[in-house]
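One-based numbering along the sequence shown.
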Amino acid sequence: MEQRISLITLGVDDIAEARRFFEDGLGWRPTPFDSDEVAFYQTGSCVLGLFGREDLAKDAGVSPEGSGFTPFSIAWNGRSEAEVDAAFAKAVNAGAEAVKHPEKVFWGGYSGYVRIPGGHLMEIAYNPFWEMGEDGAIKLPPPAES
């Protein structure tokens, strides 16, 4: 299997609210796929999908029940601390809940978290150790040879 992620799908309680957040609030544009039940956003080499929580659980054959901390987050990386601050403010103004305001963090970067519609955490960060292309794609250093 190639080392890549093609799609991250978030199960959300209200597709319309989640779409408003990404599209009206953040200015993201969905792919030209017309559906009230699912939305897809091209995010560089990966796609972000929004799908109803119940429908996603049914599709996977698992229970939709769950509460508390969801053990993952999605992330948006900026090119500077100032860009992180601006993106954080935009996300909060778009309806996200501020969880942790951006601050210098132990690993040497700058990071904050918001809770987006649907309850998922989104990290908004600047990592001075990662190369970012003009298109926003992250280019990690190659793995060490063993």
Side-chain angles (χ1 to χ4, degrees), residues 1-140:
M1 175 187 284
E2 292 179 40
Q3 184 172 309
R4 63 181 160 83
I5 300 291
S6 304
L7 171 68
I8 296 172
T9 303
L10 301 180
V12 298
D13 292 322
D14 186 335
I15 292 281
E17 178 187 21
R19 288 189 73 152
R20 273 191 300 278
F21 172 76
F22 283 103
E23 295 169 24
D24 299 337
L26 299 185
W28 291 22
R29 295 292 156 237
T31 59
F33 176 79
D34 189 25
S35 174
D36 292 336
E37 299 169 353
V38 65
F40 297 106
Y41 304 88
Q42 185 69 55
T43 59
S45 65
C46 187
V47 173
L48 176 68
L50 303 175
F51 197 28
R53 184 183 305 271
E54 298 271 337
D55 291 330
L56 182 58
K58 182 178 177 184
D59 188 51
V62 299
S63 171
E65 300 303 316
S67 63
F69 174 66
T70 303
F72 79 96
S73 67
I74 62 173
W76 180 92
N77 278 59
R79 293 174 180 83
S80 68
E81 292 181 12
E83 196 173 35
V84 167
D85 289 337
F88 187 91
K90 186 169 191 165
V92 170
N93 288 337
E97 171 194 350
V99 174
K100 181 185 126 194
H101 287 269
E103 64 184 21
K104 292 198 181 285
V105 289
F106 71 94
W107 48 266
Y110 186 73
S111 169
Y113 282 87
V114 296
R115 188 176 321 280
I116 64 176
H120 301 284
L121 291 175
M122 179 181 217
E123 181 184 21
I124 301 175
Y126 166 62
N127 186 331
F129 309 109
W130 286 358
E131 179 184 338
M132 181 182 288
E134 294 217 7
D135 64 353
I138 301 292
K139 179 70 174 164
L140 297 177

Could you pull out all donor-acceptor pairs under 3.5 Å where a side-chain atom in residues 76-91 meets a protein atom, sequence neighbours excluded?
from, atom 1, to, atom 2, distance (Å)
R79, NH2, G133, O, 3.2
R79, NH2, E134, O, 3.1
S80, OG, A82, N, 3.4
S80, OG, E83, N, 3.0
E81, OE2, K104, NZ, 2.7
E83, OE1, R79, N, 2.4
D85, OD1, Y110, OH, 2.7
D85, OD2, Y110, OH, 3.3

* **Gap separating the CD1 atom of I138 from the CE atom of M132, nearest 0.5 angstrom** => 3.5 Å

* **Heavy-atom pair with the smallest gap, counting every atom of A98 and V92** => CB-CG2, 4.0 Å

* Asked: How far apart are the closest heavy atoms of L10 and L56, and which atoms are they?
  -> C-CD2, 4.2 Å

* About how many Å separate CG of L48 and CG of L7, when rounded to the nearest 0.5 Å? -> 8.0 Å

* For D13, side chain to side chain contact (heavy atoms under 4.5 Å, CB included) partners two or more places apart -> R53

* Asked: Do R115 and E97 sit within salt-bridge range, that is, some charged N less than 4.0 Å from a carboxylate O?
  -> yes

* Any residue meeting side chain to side chain contact (heavy atoms under 4.5 Å, CB included) with E37, in chain and number order, not counting sequence neighbours -> S35

* **Test log, rule side-chain contact (heavy atoms from CB on, under 4.5 Å), inputs L50 and R19** => CA-CA 8 Å; L50 303 175; R19 288 189 73 152; 4.2 Å; yes

* Structure fact -> Here the gap from E17 atom CD to I116 atom CD1, rounded to the nearest 0.5 Å, amounts to 10.0 Å

* If you round to the nearest 0.5 Å, how far is OG of S45 from CG of D135? -> 8.5 Å

* Atom pair CD (E123) and OG (S111), whose distance is rounded to the nearest 0.5 Å -> 3.5 Å

* Asked: Shortest non-hydrogen contact from V47 to T43?
  -> N-OG1, 3.9 Å

* Would you say K100 has more than 12 foreign heavy atoms packed within less than 6.0 Å of its NZ? -> yes

* Check whether any side-chain N or O of H120 sits under 3.5 Å from a backbone N or O of G11 as a donor-acceptor pair, and report yes or no. => yes

* Residue pair W107 / P128: nearest heavy atoms and the distance that separates them -> CZ3-CD, 4.4 Å

* Asked: Does any non-hydrogen side-chain atom of I124 lie less than 4.5 Å from one of P102?
  -> no

* Asked: If you take all heavy atoms of G52 and I15, which pair is closest and at what distance?
  -> N-CD1, 3.5 Å

* **Test item: E23 side-chain N/O and G25 main-chain N/O as donor-acceptor pair under 3.5 Å** => no

